[in-house]
Amino acid sequence: MDYIETSTIELKEQYSDTFLKTVCAFANQDGGKIIFGVTDDGKLVGIKDLNIVYPKIERKIFDSITPMPYFDMEIDHKLLIIKVFVEAGDDKPYFYKNKVYIRRNTSTIEADLVTKKKLIMESKGIHFENQTIKSNNLTFKTLNTYLKKSIGIKSATNDFLKTAGLLTSDEKFNNAALLFSDQNDFSGIDTVKYNEHTERFTYRKNFSYCSVLEQVKKATEVFEDICSYEIIEGLNRVKHYSVPIKAFREALINAVIHRDWEIRSNVKITFFDDRVEILSPGTLPKDISENEFLNCFVSVPRNYIICSLFRRLGFIERMGYGISMIKRAYREESVKPKFEFLDNFVNVILPVVNENYKLSTDMEKILDLLKRSTPLSSSEIAGLVTMSKTKVVSLCGSMLKMGLINKSGNGRGTKYYIER
């Protein structure tokens, strides 16, 4: 039999009191199994004096963990091992020496204050969204705008707010209501643009202290400004995006509606030359694995009220299809999106779809000229490629956003060039 440590299996070569931290962690999360007599790398070595160690383990759990967790034990005289089965507890948090422990992959670590609070709320059956707030003076101007536009409702009446889960039966607002209100003071969205050549941030904007709907709108506008460019096709200007806009929208909405609001950290959107990264606070919900998440096998919304209202307002086409839509947006591209699962964050990486972009013939003319020239003004470029100055300014503006060319100076002193 192969023995491998996982988030729910701990291997112990011999007895030591450190196993009590893991008992505490298993009780605080999804339960687990501790096997004594097996090394960390899975080698079976057995335990001497099984009949002495067995009652010692049992006594130590009774004396050291509070409140008392549910556990069972099994002794294997043939293999000389002891198994301790710990159930997920109902009275979280569980303490060992006045400290709370949790599992992080194959490690047992001390829980931070946010995790302790979540464990307490979980044991009481209270979810973040449903926690009532003291203020009863919330306004919903932004929400009203979207209600009228999306479903024809003029304003968020108390009846609507109750139906949407934002107002309790005894007329008290909850955290979900605060998020959608104009008085929202939870964490917001940071947007930054980073130049990897100069190692500097060339743009930074934070959207906070407004409805979560307004934050999403403003972040999308930043994306439009940074990642869109125009190509003149015939007589028309056609807008293109260096990153598929459908992928960005889905990733942004996912980052907001599925984030862990107990973590006081902003969603962070970073625009690089070759990618956009969207970092969302919180790990995956405990009932879903990375494989299930990436392959869209199951949908487990962390924030059901928030998800439901976003769907009613038209931000979500179908619940549980966000990841597949992000992947679909890159179906015809050589580059693909990536998903990183960190200790306290999920990071979505959306690569630029084409290094060379879809350049018009006129753009290629300007690029060819700048590749073999010193910095040139728009007037100089216009004369050399036989093009109007207005058109040159427009095309150079698009290529600047695409990161294909650079500029120096301002106004009449503006010159365009390609870094060598």
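These numbers come from a predicted model, not from an experiment.
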Undergrad: Any donor and acceptor pair, going by atom type alone, linking the side chain of Ser64 with main-chain N or O of Ile61 inside 3.5 Å?
TA: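 Looks like no, no N/O pair under 3.5 Å.
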Undergrad: For the residue pair Phe223 and Phe271, categorise the inter-ring angle as parallel (less than 30°), tilted (30 to 60°) or perpendicular (more than 60°).
TA: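 Because their plane-to-plane angle lies in the 30° to 60° range, the rings of Phe223 and Phe271 count as tilted.
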Undergrad: Checking side chain to side chain contact (heavy atoms under 4.5 Å, CB included) between Val84 and each of Glu58, Lys33, Met73, which is the one that passes?
TA: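 The residue from Glu58, Lys33, Met73 that satisfies side chain to side chain contact (heavy atoms under 4.5 Å, CB included) with Val84 turns out to be Met73.
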Undergrad: So which heavy atom on Asp91 is nearest to which on Pro67, and how close?
TA: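 Heavy atoms of Asp91 and Pro67 come nearest at O-CG, 3.6 Å.
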Undergrad: Do Phe339 and Val346 touch side chain to side chain, with heavy atoms closer than 4.5 Å?
TA: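 Counting from C-beta outward, Phe339 and Val346 never come under 4.5 Å.
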Undergrad: Does the side-chain contact (heavy atoms from CB on, under 4.5 Å) test come out yes or no for Ile269 and Val222, once each step is laid out?
TA: CA-CA 10 Å; Ile269 305 173; Val222 172; over 6 Å; no
Undergrad: Among Lys268, Lys338, Glu340, which residue satisfies the side-chain hydrogen bond (donor to acceptor under 3.5 Å, both in side chains) criterion with Asn347?
TA: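 Answer to the side-chain hydrogen bond (donor to acceptor under 3.5 Å, both in side chains) test with Asn347 among Lys268, Lys338, Glu340: Glu340.
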Undergrad: Heavy atoms, side chains only, cut-off 4.5 Å: are Arg302 and Arg259 in contact?
TA: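 A side-chain contact under 4.5 Å is absent here.
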Undergrad: According to the salt bridge (charged side-chain N to carboxylate O under 4.0 Å, His left out) rule, which pairs have a member within residues 5-15, sequence neighbours left out?
TA: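 Output for this query lists Glu10-Lys12, Glu10-Arg103.
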Undergrad: Which pair of non-hydrogen atoms, one from Leu370 and one from Ile405, has the smallest distance, and what is that distance?
TA: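 For Leu370 and Ile405, the tightest heavy-atom pair comes out as CD1-CG2, 3.9 Å.
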Undergrad: Show the nearest heavy-atom pair for residues Ala219 and Leu252, with the distance to one decimal.
TA: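 Scanning both residues completely, I find the closest heavy atoms to be CB-CD2, 4.0 Å.
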Undergrad: Would you mind telling me which of Tyr3, Tyr54, Phe19 makes a ring pair (Phe, Tyr, Trp, His ring centres under 6.0 Å) with Phe36?
TA: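 Of the listed options, the one satisfying the test is Phe19.
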Undergrad: Is it true that Glu277 and Arg275 make a salt bridge, defined as a side-chain N closer than 4.0 Å to a carboxylate O?
TA: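 Yes, this pair counts.
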Undergrad: With a 4.5 Å limit on heavy-atom distance, are the side chains of Asn344 and Asp260 in contact?
TA: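 They are not in side-chain contact.
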Undergrad: Please tell me if the side chains of Tyr146 and Phe140 come closer than 4.5 Å, counting only heavy atoms from C-beta onward.
TA: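 Of all side-chain heavy-atom pairs linking Phe140 with Tyr146, none is under 4.5 Å.
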Undergrad: Taking side chain to side chain contact (heavy atoms under 4.5 Å, CB included) as the criterion, tell me which of Leu166, Asn184, Leu213, Ile305 meets it with Leu179.
TA: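 In the set Leu166, Asn184, Leu213, Ile305, the residue that makes a side chain to side chain contact (heavy atoms under 4.5 Å, CB included) with Leu179 is Asn184.
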Undergrad: Could you report the tightest heavy-atom contact between Asn266 and Ser208, atom names first, then the distance?
TA: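 So the minimum-distance heavy-atom pair works out to OD1-OG, 4.5 Å.
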Undergrad: When you compare the side chains of Asp159 and Thr157, does any donor N or O come within less than 3.5 Å of an acceptor on the partner?
TA: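 Distance-only check fails for Asp159 and Thr157.
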Undergrad: Can you name the closest pair of heavy atoms from Phe128 and Asn175 and give their distance?
TA: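 So the minimum-distance heavy-atom pair works out to O-ND2, 2.9 Å.
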Undergrad: Any non-hydrogen side-chain atom of Ser280 less than 4.5 Å from a side-chain atom of Phe345?
TA: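 Of all side-chain heavy-atom pairs linking Phe345 with Ser280, none is under 4.5 Å.
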Undergrad: Would Asp17 and Lys60 pass as an ion pair if we require N to O under 4.0 Å?
TA: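 The answer is yes: the pair qualifies as a salt bridge.
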Undergrad: So which heavy atom on Ser187 is nearest to which on Gln215, and how close?
TA: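 Closest pair (atom of Ser187, atom of Gln215, distance): O-OE1, 4.1 Å.
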Undergrad: Could you check whether any side-chain heavy atom of Ser211 comes within less than 4.5 Å of a side-chain heavy atom of Lys141, counting everything from C-beta outward?
TA: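 Ser211 does not reach Lys141 side chain to side chain.
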Undergrad: Test of understanding: with side chain to side chain donor-acceptor pair (under 3.5 Å), list the residues that count as partners of Asp72, not counting sequence neighbours.
TA: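 Expected list: none.
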Undergrad: Quick one: does Tyr203's side chain get under 4.5 Å of Thr191's, heavy atoms only?
TA: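 Yes, close enough: below the 4.5 Å cut-off.
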Undergrad: Compare all side-chain heavy atoms of Arg249 with those of Phe315 and state whether any distance is below 4.5 angstrom.
TA: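 Sidechains of Phe315 and Arg249: no contact.
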